[in-house]
2 protein chains.
Amino acid sequence: MQPTISTPDNKQELHPQLHTTSLRFKPGQMIFDEGQKANRWYEVVRGTVRTCRFHIDGHRHLTGFYFGGDVFGADYGYYNTAAEAVTNATVRCYRVGELSQQSPSTNFSFGGAASILYRAMSSAQRYLFIMGHRTALEKLAAFLLSIYIQDSDDTSLNLPMSRADIADFLGLTVHTVSRSFSELVRREYIKIEGRHVVVVKDCAGLCRLAGEHELLANECEPKPTHSLA
Amino acid sequence: MQPTISTPDNKQELHPQLHTTSLRFKPGQMIFDEGQKANRWYEVVRGTVRTCRFHIDGHRHLTGFYFGGDVFGADYGYYNTAAEAVTNATVRCYRVGELSQQSPSTNFSFGGAASILYRAMSSAQRYLFIMGHRTALEKLAAFLLSIYIQDSDDTSLNLPMSRADIADFLGLTVHTVSRSFSELVRREYIKIEGRHVVVVKDCAGLCRLAGEHELLANECEPKPTHSLA
DNA sequence: CGACCATTTGATGGGCTTCAAGAGCAGTGG
DNA sequence: CCACTGCTCTTGAAGCCCATCAAATGGTCG
């Protein structure tokens, strides 16, 4: 998996003049917790990150996966999710105290600031659209496609997260996720190579399942250059 | 229903120096279409707006409702949803050609620009959390609460949208939505007065159903001042 | 090897969709 | 005014999909 800046066409360093820090996290390690003061936002340099929250009944809900170049933690006031490393992950951390003060005198360029939030929005919308699907099979297909398009260089795609993570992301159980994987294999849309690698055999088929207008279908055969946003 | 600026604590006029236009739409009228160039973003002045997209199989998916003070249409490049008026609606329209150019020389204050996108993010996250619930009853409870908290001054809340809108928003059928309403009434959590008015009788009960940590529960009895983000 | 965890698979039950029909309400025109 | 029409909303019954319960397989690490 090659981390690439996958969102809007801003590949340059973000605000190099800002005070930034690179941090490393191990799998499962928490980056920030729900309810903490949201005075920093983050950019994934390498690895994968998830954001999650817990309901009273104990069930976990993942609200996003973030790969190289993705932005997370751009909340207002307090974080409304926790963030955890899925794999070994390196993230760049930006202090954004100025963000919450909204002082018109701060001299951030609009472009950079907007692009941060656009990139965060882009992730939120990706999730929104996946959840718009009706069946487990459709959701999984849409999920795989979203990763395939964002974060893959050939027909194989990397799934660094566990089946449980995928389940909590899609609002399904591990069982249903596993069955859906098997069904996609049975239909020969994908091939599974080990736990974390999926080979896309019939992208058009997946697109049909995901049924996202022609947008995806067009992007499917010639390898796209960036996200679906 | 009293439109109020409900998101982060920025209640002042946004960028009065920008070229803006007020527009009025009738119920069902389209404000912009999916795929159009996203060179404007919008702020609801009065009324209610929905964003939606259609899948190949024809089923509609609503990705958000926007009330007075909410921001919508803050997409990058092209709109990835259509926007339609739910009720008679007045929206303020801002040209944001500068947004997509990301020129660091543009002199927008960071606060205003960030707040636009924060407010858009806030709506996206509201939806994200609602969709994290498991059963239809929980989803509906969370949905009603989110509106109750954002857009109500007393125990009664206004539902300008149809049951079909709610269904397409929550990923359910009208039937299930209707049944869930009836169940909430049966449990005496709410009372229904006409098609578009719901009276909250047991907010704590609703909060328990929605199960969003204690965050909501705290905000429930003393009427909150602004959003749950 | 044996313990443990992640994943897969099977069987059963519950919740939501689907199919079907009735009730409520608004608008129109006689 | 009221019948008529069309629509939204509600409610009932049957079927399907997914959650739950249960167990087997496979992979990792001591």
Side-chain angles (χ1 to χ4, degrees), chain A residues 26-28 50 55 57-62 86-88 130-144 158-187 190-198 209, chain B residues 26-28 48 50 55 57-62 86-88 130-144 158-187 190-198 209 211:
Chain A
K26 290 180 194 155
R50 66 178 173 237
H55 286 229
D57 64 13
H59 94 259
R60 188 181 67 152
H61 178 210
L62 299 193
V86 173
T87 62
N88 280 315
I130 290 173
M131 293 310 280
H133 292 85
R134 358 244 356 278
T135 69
L137 209 62
E138 286 170 7
K139 280 185 189 172
L140 184 60
F143 173 71
L144 291 178
N158 199 298
L159 287 182
M161 69 292 290
S162 69
R163 299 293 190 258
D165 281 346
I166 298 174
D168 290 344
F169 181 72
L170 298 179
L172 302 167
T173 62
V174 271
H175 313 267
T176 303
V177 168
S178 180
R179 271 183 248 276
S180 301
F181 266 110
S182 301
E183 177 65 17
L184 290 179
V185 169
R186 200 191 59 71
R187 295 195 192 179
I190 62 172
K191 199 167 51 177
I192 292 184
E193 296 184 344
R195 241 160 232 198
H196 296 300
V197 175
V198 168
L209 253 184
Chain B
K26 291 181 192 153
T48 306
R50 65 178 175 239
H55 287 229
D57 63 14
H59 94 259
R60 188 181 65 153
H61 178 210
L62 299 193
V86 173
T87 62
N88 280 314
I130 290 172
M131 292 309 280
H133 292 85
R134 0 247 349 285
T135 69
L137 209 61
E138 287 169 7
K139 279 184 189 171
L140 184 59
F143 173 70
L144 291 178
N158 198 298
L159 287 183
M161 69 293 288
S162 69
R163 300 291 190 260
D165 282 345
I166 298 174
D168 290 344
F169 181 72
L170 298 179
L172 302 167
T173 61
V174 271
H175 314 268
T176 304
V177 168
S178 182
R179 272 182 248 274
S180 301
F181 266 111
S182 302
E183 178 65 16
L184 291 179
V185 169
R186 200 191 60 70
R187 295 194 190 178
I190 63 172
K191 198 168 52 178
I192 292 183
E193 297 185 345
R195 240 159 235 198
H196 295 302
V197 175
V198 169
L209 254 184

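Side-chain atoms are counted along with the backbone in the values below, which use heavy atoms only and exclude waters and symmetry mates. So you know, we letter chains A, B, ... as the sequences are listed, proteins then strands, and number each from 1.
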For the pair made of [atom1] in [X] and [atom2] in [N], what is the distance, rounded to whole Å?
X: B/Glu193; N: C/dG24; atom1: CD; atom2: P; result: 17 Å
X: A/Arg163; N: C/dC5; atom1: CZ; atom2: P; result: 19 Å
X: B/Leu140; N: C/dC16; atom1: CG; atom2: C1'; result: 14 Å
X: A/Glu183; N: C/dT8; atom1: CD; atom2: P; result: 14 Å
X: B/His59; N: C/dT18; atom1: NE2; atom2: C1'; result: 15 Å
X: A/Leu159; N: C/dT7; atom1: CG; atom2: P; result: 10 Å
X: B/Arg186; N: D/dG12; atom1: CZ; atom2: P; result: 12 Å
X: B/Asp165; N: D/dC9; atom1: CG; atom2: C1'; result: 13 Å

Quick check for you: to the nearest 0.5 Å, what is the distance between [X] atom [atom1] and [Y] atom [atom2]?
X: A/Phe181; Y: A/Ile192; atom1: CZ; atom2: CD1; result: 5.5 Å
X: A/Arg179; Y: A/Leu137; atom1: CZ; atom2: CG; result: 13.0 Å
X: B/Thr135; Y: B/His133; atom1: OG1; atom2: NE2; result: 8.5 Å

Spell out, as yes or no, whether a donor-acceptor pair under 3.5 Å connects the side chain of A/His196 to the backbone of A/Asn158. no
Are the side chain of B/His59 and the backbone of A/Gly132 linked by a donor-acceptor contact shorter than 3.5 Å? yes
Determine, for nucleotides 17-30 of chain D in 5'-to-3' order, which nucleotides have protein heavy atoms under 4.0 Å from the base (write B), from only the sugar-phosphate (write S), or from neither (write -). -SSBBB----S---
How about [X] and [Y]: do any of their side-chain heavy atoms sit closer than 4.5 Å?
X: B/Leu184; Y: B/Leu209; result: yes
X: B/Met161; Y: B/Leu159; result: yes
X: B/Asp165; Y: B/Arg60; result: yes

Looking at C/dT9, C/dT8, D/dT11, which one has an atom nearest to any side-chain atom of B/Ser178?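 Closest nucleotide among those given: D/dT11.
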Report for the helix from C/dC1-D/dG30 to C/dG30-D/dC1: angle between first-end and last-end helix axes, five pairs each, rounded to 10 degrees. 30°
For the pair B/His55 and B/His61, name the ring-plane relationship: parallel under 30°, tilted 30 to 60°, perpendicular over 60°. perpendicular
